[in-house]
Q: 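Take this structure, written in structure tokens, and hold onto it; I'll ask about it next.
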Amino acid sequence: DSNTNILNEKVSISTVNIKEEMKLISNVIIVIKILLYGFISLVTLIGVTSVFNTISTNINLRRKEFAMLRSVGLTPRGFNKILFLESLFFGLKSLIYGIPVSIGINVLISLSLTSVFDTSIIIPWESLLVSIIGVFIIVLIAMWYSARRVKRENILDALREENI
């Protein structure tokens with residue numbers, strides 16, 4: 001009686017090609033990386049454009065102020081110092097807000113992953129350092145570009161011009 005039960009049961013056998021499965025997983029990972037890096041690049045480009053536009057507009061609106069300072073004897077070296085310190089403050093202010101927020105988000109993501117995976121909180125210090133350097137480079141380039149336009153301008157023309 002037990003022999004008939006064993007014979008009546010259906011047996012299924014399946015095979016898995018591990019090489020094909022690994023190739024499929026590898027392709028999916030590549031697609032995810034491309035989408036992720038594309039999104040990160042797009043957000044970074046939008047941020048850089050926004051910073052550049054903000055600094056350029058700020059310098060352009062203060063042309064009259066800079067012309068007044070130059071007319072009372074501000075040297076080009078002093079003008080460069082002012083712009084360097086302003087760009088330093090712009091960069092520091094953005095980093096004072098941005099770094100704690102990014103570390104907080106990183107900790108929250110790590111805490112949510114610890115329930116699924118056995119991991120600890122990892123803060124990417126190298127990435128933070130690269131972003132800090134990147135912020136200062138972007139701000140300094142934007143400030144340099146805007147200041148170059150202001151330096152070329154005639155002092156009298158800038159003082160006569162009315163801001164709308």
Q: Is there a donor-acceptor pair under 3.5 Å between the side chain of Ser26 and the backbone N or O of Met22?
A: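 Side chain of Ser26 to backbone of Met22: no pair is present.
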
Q: With rounding to the nearest 0.5 Å, note down the distance linking CG in Leu74 to CD1 in Ile82.
A: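 Those atoms lie 4.5 Å apart.
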
Q: Measuring from Ile34:CD1 to Ser41:OG, what's the distance to the nearest 0.5 Å?
A: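 That separation rounds to 11.5 Å.
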
Q: State the CZ-CG distance between Phe136 and Leu95, to the nearest 0.5 angstrom.
A: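 One finds 5.0 Å between CZ of Phe136 and CG of Leu95.
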
Q: According to a hydrophobic-cluster definition based on side-chain heavy atoms being under 4.5 Å apart (Ile, Leu, Val, Met, Phe, Trp, Tyr only), do Phe84 and Ile141 belong together?
A: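 Per the 4.5 Å side-chain linkage, Phe84 and Ile141 are not co-clustered.
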
Q: Decide yes or no on side-chain contact (heavy atoms from CB on, under 4.5 Å) for Ile103 and Leu128, but give the supporting numbers first.
A: CA-CA 9 Å; Ile103 289 175; Leu128 280 174; 4.1 Å; yes

Q: Identify whether Ile96 and Val139 are in the same connected component of the hydrophobic contact network (ILVMFWY, side-chain heavy atoms under 4.5 Å).
A: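 No, because Ile96 and Val139 fall into different hydrophobic clusters, even though each may have its own neighbours under 4.5 Å.
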
Q: Heavy atoms only: give me the nearest Ile123-Asn106 pair and the separation to one decimal.
A: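 Residues Ile123 and Asn106, closest heavy atoms: CA-ND2, 3.6 Å.
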
Q: Kindly compute the distance separating OG (Ser71) from CG (Leu69), expressed to the nearest 0.5 Å.
A: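 The distance works out to 7.5 Å.
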
Q: Is Ser146 reaching over with its side chain to a backbone N or O of Met143, donor-acceptor style, under 3.5 angstrom?
A: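 No; judged by distance alone, with no hydrogens or angles, the pair does not exist.
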
Q: To the nearest 0.5 Å, how far apart are CZ in Arg62 and CG in Asn60?
A: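 It comes to 11.5 Å.
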
Q: Return the CZ to OG1 distance between Phe90 and Thr54, rounded to the nearest 0.5 Å.
A: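 Going from CZ on Phe90 over to OG1 on Thr54, the span is 8.5 Å.
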
Q: Which atom names give the shortest non-hydrogen contact between Ile40 and Thr44, and what distance separates them?
A: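 Scanning both residues completely, I find the closest heavy atoms to be O-OG1, 2.7 Å.
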
Q: Please step through side-chain contact (heavy atoms from CB on, under 4.5 Å) for the pair Glu126 and Val130, ending with a clear verdict.
A: CA-CA 6 Å; Glu126 296 86 19; Val130 168; 5.6 Å; no

Q: For the residue pair Ile122 and Pro124, what are the closest heavy atoms and their distance?
A: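 Nearest pair, atom of Ile122 first, then Pro124: O-CD, 3.7 Å.
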
Q: So Ile29 and Lys33, do their side chains get closer than 4.5 Å, heavy atoms only?
A: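 A side-chain contact under 4.5 Å exists here.
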
Q: Treating Ser94 as the side-chain partner and Gly91 as the backbone partner, does any N or O pair qualify as donor plus acceptor under 3.5 Å?
A: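 Yes; judged by distance alone, with no hydrogens or angles, the pair exists.
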
Q: So if you build clusters from Ile, Leu, Val, Met, Phe, Trp, Tyr with side-chain heavy-atom gaps below 4.5 Å, do Trp144 and Phe89 land together?
A: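 The answer is no; the residues belong to distinct hydrophobic clusters.
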
Q: Kindly determine whether Tyr145 and Arg148 satisfy side-chain contact (heavy atoms from CB on, under 4.5 Å), including the steps that lead there.
A: CA-CA 5 Å; Tyr145 172 75; Arg148 196 178 76 196; 4.0 Å; yes

Q: Between Ile132 and Val48, is there a shared hydrophobic cluster once you connect ILVMFWY residues whose side-chain heavy atoms come closer than 4.5 Å?
A: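 Per the 4.5 Å side-chain linkage, Ile132 and Val48 are co-clustered.
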
Q: Are more than 12 heavy atoms, taken from residues, nucleotides or ligands other than Ile18, located less than 6.0 Å from that residue's CD1 atom?
A: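 Check fails, neighbour count at 12 or below.
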
Q: Ignoring hydrogens, what is the shortest heavy-atom contact between Ala147 and Leu83? Give both atom names and the distance.
A: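 Closest approach of Ala147 to Leu83, heavy atoms only: CB-CD1, 2.8 Å.
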
Q: State yes or no: do Ile59 and Leu88 share one hydrophobic cluster built from I, L, V, M, F, W and Y residues joined by side-chain heavy-atom distances below 4.5 Å, directly or via other members?
A: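 They do share one cluster, since a chain of ILVMFWY contacts under 4.5 Å joins Ile59 to Leu88.
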
